[in-house]
Amino acid sequence: MSKSGYNGPQRRRISRRSIAFTLIFISIVVLLADRQQRSMLASGRLTTDNISSKIIGFIATPIRGLESLFVEAGNRKNAYKENVKLKAEIERLKNIENTVFDLQLRIKRFEEMLDIESSSYLPETKFIARTVSESKGPFVHSALIDIGINKDIKVGYSVMTTEGLYGHIIQTGSVSARVLLLNDLNSRISVMSQRSRGRAILVGNNTKSPKLSYVSNEIDWREGDRVITSGDGGVLPSGLPIGTISLNKNGNREVDLFYLKEPVDWVWVYPFTPIPAPENSLPENANAQGDVTPDNIVQKATE
Amino acid sequence: MTDQKTVSQTQSFSLALQGFLAGIIIVFLSLLSLDLGILHFGFSFLPVFIIYFWPCAASYTWSLFFIFLLGMYYDIASANPLGIWTLTFLILFMTLDGVPKSKSGLGITIIEFSLCVMFSAIVAFLFGWLSLGRPPQIVTLFGNAVASIVVFPIFYWLRSLFVTIRSPSMSL
């Protein structure tokens, strides 16, 4: 028996327990410190994402094959029905095509007359990327894509599938980038109804159907309306398709996301420079020259 | 986890390291997901397999340390808030300490593994709630748990193959 009153095995047991509880204590501290921010160990996350994107990209190949087999089987099964439906759709669209073409020309002419540019801010250049892993777990909804700084991808760029908006870039590594999906708990996107132009905020809730918040009841919102990005705040381009409105059991408005229609494999990343606030977009030497300060702008406008 | 055999310190460290490396491989597999039409399968609970089959003769202290690192790595790789899986794995490991594992074959092992997964799901749910400030999606959480249990026999078979190739006492 030692001076402490404990024998060898008892001492070992106590020491093991204290190590275990110390590690648990450290984990709780980390958990509380990282609450909702997800900013701790940022460089570690980038390195891990770069490594993971390569390894998972390789091991996910058979799974992607299985998924496409499943989709193919479904497509083949419905091929006849879809063919008939598409033929009817083509007939209908042929009539609309001429009207659209005529309207486009008229709008262009009006824009030239008024000297305005009302087209979408969506650039023509886009980068194609592969989603190497999708995390649609209970805590986060994010995805890892296999391009990053090597393709000049920056935080904030919007990511699209063939169906609609997928999310936006929140982190970029050298060869990978992390996308925050529309339905993640931390996702907030300003949206509008394509029909009524009513504005709202699309709030992710980790389910398949994110909710619409800050909806003005004065504006007409209908079930089945197409929801697109409004471009408010200048963070995302306007006009990106998101989904359609549906009502849940409680009568609250939700959005059925377009991108969930099919498994996501390839995506497009659209470069987009957020529109800066005027006070942040002044030239660096504005103050030195003394001609483009906010005060001067007001003064010149008054003059 | 009770050490029944006498192994050297190097060996017990090596076994803990083996557990950690196997855990890293499993973490990569658990990051994969399967989308079949409207059904989405995630395998978030696969790393519980490693905790369940953690080498019996591995050093306890090193095991704790490696499980801490494994959980941290899993949190980072899956872009989760840090600490959720770290705490879940540590608590599961401590709970399993001293509980003798049955050698009654696949059926009983599946039941034991399912209990471990469900226990982990509850712990992860509670810490997830604490971290996110609102309850995580319980359906997704338990859906992932069930998906991980469904694929368990494949990993059990792979482990058995590994054990047969190597000495049973030294392997995972």
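Below, chains carry the letters A, B, ... as their sequence lines are ordered, and counting in each starts from 1.
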Side chain, backbone, both or neither: which part of [X] has a non-hydrogen atom closer than 4.5 Å to chain A?
X         : result
Ile138(B) : neither
Phe28(B)  : both
Phe142(B) : neither
Trp129(B) : neither
Leu32(B)  : side chain

Look up atom [atom1] in [X] and atom [atom2] in [Y], then write down how far apart they are to the nearest 0.5 Å.
X         : Y         : atom1 : atom2 : answer
Phe68(B)  : Ile19(A)  : CZ    : CD1   : 13.0 Å
Tyr60(B)  : Arg13(A)  : OH    : CZ    : 11.5 Å
Ile26(A)  : Leu87(B)  : CD1   : CG    : 11.0 Å
Asn206(A) : Leu141(B) : CG    : CG    : 11.0 Å
Leu144(A) : Leu31(B)  : CG    : CG    : 9.0 Å
Leu90(B)  : Phe25(A)  : CG    : CZ    : 14.0 Å

#### Entry: Heavy-atom check, side chain of Thr140(B) versus side chain of Thr207(A), under 4.5 Å
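The answer is no, as the side chains (C-beta and beyond) never meet within the 4.5 Å cut-off.
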
### Message
So for atom CD, which belongs to Glu223(A), do other residues, nucleotides or ligands contribute more than 12 heavy atoms lying within a distance under 6.0 Å?
### Response
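Yes, the 6.0 Å shell around CD holds more than 12 heavy atoms from other groups.
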
Closest contact, heavy atoms only, [X] versus [Y]:
X         : Y         : value
Phe65(B)  : Leu23(A)  : N-CD1, 4.0 Å
Phe139(A) : Gly128(B) : CE2-CA, 3.6 Å
Ala79(B)  : Val140(A) : O-CG1, 3.4 Å
Gln137(B) : Asn205(A) : NE2-O, 3.6 Å
Gly83(B)  : Leu31(A)  : C-CD1, 3.7 Å

#### Entry: Proximal component of Ile24(A), with respect to chain B [non-hydrogen, under 4.5 Å]
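For Ile24(A), heavy atoms of backbone and side chain both lie under 4.5 Å from chain B.
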
### Message
Heavy-atom pairs under 4.5 Å with chain A - which of Leu130(B), Thr86(B), Thr61(B) has more of them than the others?
### Response
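When all of Leu130(B), Thr86(B), Thr61(B) are compared, Leu130(B) has the most.
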
### Message
Tell me which of these, Ala77(B), Gly71(B), Ser44(B), has more heavy-atom pairs under 4.5 Å with chain A than the rest.
### Response
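It is Ala77(B).
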
